[in-house]
Q: 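Quick one: the structure is below, questions incoming.
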Amino acid sequence: MLRVYSVALGLALVVTPTVCQQIFDVWTTTWDRSQLLTYKNLSPNPVNFVSPGPAGQADITVNDGTVFQNMVGFGASLTDASAQILSNLKSKNSGNYWSLLDTLFDPTDGANAAGLSYLRVPLGASDFSASVYSFDDVVGDTTLKSFNINNAPAYLFSVIEDIQSINPYLKIHVLPWSPPGWMKDSGTMNGGNFNSAYVNTYANYLLKCLQGFQSKGITAYAIGIQNEPENSDPTYPSCAMTAAQEAQVGTALRKLMDANGFAGVRVIGYEHNWVDAAGNPVQLMQDAQKAFAGVAFHCYSGDPTQQDAFHNAFPSKEIYFTECTGSYNSDWWGDIQWYMANLFIGSVNHASMNVLMWNLALDGNGKPQLPGANSCPNAPCRPVATVNSDGSYSLNQEFYAMAQASKAVLPRDRNGPFGQRMGVSLSGNLSGSIFATGFVTGRVSASDYRRYSLVVLNWDDNQGGTWNPTPIKATIEFRGMQATYTFTVGVTTLWWYAP
C-alpha cells in the first residue's frame, strides 16, 4: 500500500434575478469536532450573490466557463478484512450494519450520509486477508482449468451486494496484489518478480476474474494489472512488474476484454506513488496507450502536483487516486488538513477523477490483517470506519474528509450526472490559509438549474505562532456577482443553483 459554457450564457446571467443565485445549503466539519458533517439550511436568510463590492480577506473566483474532469465518486477499498468485519457486524447487530452502510453509501440528495460511490476490490489476497490465495494456485496450470472465483470468501460478494442495494451508482475497481505465485520468480505471492513467460496466461487469468465477478452479479467499472508494481515485499502479496511487462499484459487483456463482452470496462495502469508520475506511468502509455484508459496514484511518496507530469504528457488519459491510509493515534485535525489539501482538494485539482482511502472497515487495532504482514509498520492502519467487537462502530477522520468532498459531486437528480470540476482561483491576503475546489453538476431536465458547489478548507489555526483558530470572511465571485461567507476553521461544502 504503503484530482465551456458559452460566453453568451455567462453574460446573460448578469441580468438574471439574484434570487437564482443564493446559498442555502451548507455542510460543515470543524477542527474541534463540534460539527461533523453537519447540515445547515440558511433559510430564511440565505447568502445572496449581489453586485460586487470590495474583495474579502480571501477571494474565491469561480469560473464555470472553464471545466475539467468529470468526477466518478469517492470511496475506499473493500479488502477481505473489511468485508469480514462488516459481515461479522451484520451477524452481531444487523441494525448497526445497515445503519453504517447507509451512512457510508446512501447517495440520496440531502441524506445525512457520505454517498461513497467507488469501491476498490483486491483480486485474491492482499495484506488484509486471512490467508494467501489466488484464484488458481495449481502450479503450472496455464490453461487455468482450476480457476475458481469462489476462492475469495463468500462474505466479500455478499457485502458488495448489500452495498449495491444502497447505491445504484456504485463503481467497482478490481485489481490483484499479486499474480498466482507460480507466475513469478519467487514461486509465492509474497514478493518477487513477474515472469514474462506468463503474459498471455496472466491476461486470461484477469479476464476470468472479470467473468467470475460478473457471475456474482458484479460488473466491474475498471480493472488494474498490478497493485504497486514497484513494490516487492516478502511479508504479503506483492509483485514487481516493469512498465514494459504491464504494457504487454494490458495489451493482451484489452483484446480479450473487447472480444468477450467487456469492451466498456476500463483498464487502469500503474497504481503506485506520485513520486514516479513522470516515469513508470508515462512509459506505460508510450508502450500501450490504446490498451489503458488511464493510470492511478497512491499517496505514500511524493505529492499531488506530480500528477501534472503525467497529465501534461497524456492529457486525454484519465487519472485516478486509489489509495492512502491513515494510522491510529494520529492527530485528528492534522489529518483532516492533510487529507483535504493533498487528496480531496489537492489530487482533484490535479486532474484526479476520484479519491479512495485504503480499508473501508477494520477493528480498533487495525485488524484483521494477514499474519506476518508488515505493511503498517509504525502504527496500525486506520480504516474509514472502526467496527468494534460489541457490534458498535465509529467514523474516523477519513470519513468526514471524504464525505465533505463527496457531497459536492453526487448527482442532484436520480440517475443524473456526477459533478464536473470547474475553474476556481484564490486571491487576497489570507488566500494562503484556504484550499478550495469547485464543481458544476448537470440536471436530468434541461429546464432545471445546475448546481454549483465549493469545497473549502480553512486551516488558519495558528496566527503569529500562537494557536488561534480564526474564521475567514471570504468573498465568492460568480458571473459578475459576489457573495460573502465566513468560513470557520475546518471544511465547508456549500452550493447554489444557476442556469
Side-chain angles (χ1 to χ4, degrees), residues 1-2 76-84 119-137 147-149 151-153 156 160 172-195 198 201-203 205-206 208-210 212-213 220 222-242 245-246 249-250 253 267-273 280 295-300 320-325 356-360 362 366-377 381 383:
M1 303 179 316
L2 305 298
S77 289
L78 186 70
T79 57
D80 289 348
S82 292
Q84 179 184 355
L119 271 186
R120 184 165 169 256
V121 181
L123 294 173
S126 73
D127 44 325
F128 283 86
S129 295
S131 62
V132 175
Y133 71 93
S134 77
F135 296 120
D136 190 342
D137 290 319
F147 183 96
N148 187 354
I149 199 68
N151 288 358
L156 175 68
I160 293 175
I172 305 291
H173 180 145
V174 298
L175 81 161
W177 263 236
S178 173
W182 51 271
M183 296 187 192
K184 301 160 62 179
D185 63 1
S186 60
T188 173
M189 291 180 67
N190 291 354
N193 301 278
F194 179 65
N195 184 339
Y198 293 104
T201 303
Y202 189 39
Y205 174 89
L206 294 173
K208 284 184 173 290
C209 289
L210 290 174
F213 268 65
I223 185 170
I225 307 299
Q226 172 59 49
N227 178 61
E228 300 193 340
E230 297 176 325
N231 174 44
S232 171
D233 190 307
T235 70
Y236 64 90
S238 55
C239 178
M241 181 180 290
T242 67
Q245 289 175 321
E246 187 173 357
V249 176
L253 176 61
V267 180
I268 305 300
Y270 187 53
E271 298 258 0
H272 212 162
N273 291 326
N280 184 300
V295 299
F297 292 99
H298 295 175
C299 75
Y300 305 114
Y320 296 82
F321 182 91
T322 55
E323 190 181 307
C324 194
T325 191
L356 307 183
M357 299 306 295
W358 181 207
N359 285 281
L360 180 65
L362 296 171
K367 305 294 184 183
Q369 187 176 16
L370 183 72
N374 72 349
S375 53
C376 305
C381 285

Q: Measure the spacing between CG of Leu370 and CG of Asp80 and express it to the nearest 0.5 Å.
A: 10.0 Å
Q: Starting from the C-alpha separation in whole Å, work towards a yes-or-no answer on side chain to side chain contact (heavy atoms under 4.5 Å, CB included) for Tyr236 and Ser129.
A: CA-CA 9 Å; Tyr236 64 90; Ser129 295; over 6 Å; no
Q: Is it true that Thr235 and Asp233 share a donor-acceptor pair across their side chains at a distance under 3.5 Å?
A: yes
Q: Tell me if a side-chain donor or acceptor on Asn359 pairs with a main-chain N or O of Ser82 at a distance below 3.5 Å.
A: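 A pair under 3.5 Å: no.
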Q: Starting at CZ of Phe321, measure out to CD of Glu271 and round the result to the nearest 0.5 Å.
A: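 So the gap between those two atoms works out to 10.5 Å.
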Q: Between Ser238 and Asn231, is there a side-chain donor-acceptor contact under 3.5 Å, judged purely by atom types and distance?
A: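 On atom types as modelled, these side chains do not qualify, holding no pair under 3.5 Å.
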Q: Looking at Asp136, is its backbone amide N or carbonyl O close enough to the side chain of Trp182 to form a donor-acceptor pair, meaning the two atoms are under 3.5 Å apart?
A: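 Judged by distance alone, yes, a pair lies under 3.5 Å.
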Q: Would Cys381 and Phe128 satisfy side chain to side chain contact (heavy atoms under 4.5 Å, CB included), going step by step from the backbone distance to the final call?
A: CA-CA 10 Å; Cys381 285; Phe128 283 86; 4.1 Å; yes
Q: Quick check for you: to the nearest 0.5 Å, what is the distance between Met241 atom CE and Ile225 atom CD1?
A: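 Here the interatomic distance stands at 7.5 Å.
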Q: Does the separation of the ring centres of Tyr202 and Phe194 fall below 6.0 angstrom?
A: yes
Q: Side chain to side chain contact (heavy atoms under 4.5 Å, CB included) for His272 and Asn280? Distances and angles first, verdict last.
A: CA-CA 9 Å; His272 212 162; Asn280 184 300; over 6 Å; no
Q: Kindly say whether Trp177 contributes a backbone atom to a donor-acceptor pair with the side chain of Gln226 at under 3.5 angstrom?
A: yes
Q: With distance as the sole test, does Asp185 use its side chain to make a donor-acceptor pair with the main-chain N or O of Asn193 at under 3.5 Å?
A: yes
Q: Give the C-alpha distance, both sets of side-chain angles, the deciding distance and a yes or no for side chain to side chain contact (heavy atoms under 4.5 Å, CB included) between Ile223 and Leu253.
A: CA-CA 10 Å; Ile223 185 170; Leu253 176 61; 4.1 Å; yes
Q: What closest approach, in Å, do Met357 and Cys324 show between heavy atoms, and which atom pair accounts for it?
A: CE-O, 3.1 Å
Q: Would you say the side-chain atoms of Tyr270 and Glu246 include a donor-acceptor pair closer than 3.5 Å?
A: no
Q: If I take atom NZ from residue Lys367 and atom CD from residue Gln84, how far apart are they, to the nearest 0.5 angstrom?
A: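 Lys367 NZ to Gln84 CD: 12.5 Å, rounded to 0.5 Å.
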Q: Once you round to the nearest 0.5 Å, how far does OH of Tyr133 lie from CE of Met189?
A: 8.0 Å
Q: From Ser178 OG over to Lys184 NZ, what is the distance, rounded to the nearest 0.5 angstrom?
A: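 Spacing of OG (Ser178) from NZ (Lys184) equals 3.0 Å.
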Q: Please confirm whether the backbone N or O of Gly191 pairs with a side-chain atom of Ser186, one donor and one acceptor, at under 3.5 Å?
A: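 Flag set: sc Ser186 to bb Gly191 pair under 3.5 Å.
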Q: Taking all atoms of both residues into account, what is the closest heavy-atom pair of Arg120 and Leu175, and its distance?
A: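 The answer is NE-CD2, 3.5 Å.
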Q: Considering non-hydrogen atoms only, spot the tightest contact between Ala203 and Val249 and give its length.
A: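 Taking Ala203 first and Val249 second, the nearest heavy atoms are CB-O, 4.1 Å.
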Q: Among Thr325, Asn273, Thr322, whose side-chain hydrogen bond (donor to acceptor under 3.5 Å, both in side chains) with His298 holds?
A: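 Testing each of Thr325, Asn273, Thr322 against His298, the sole residue satisfying side-chain hydrogen bond (donor to acceptor under 3.5 Å, both in side chains) is Thr322.
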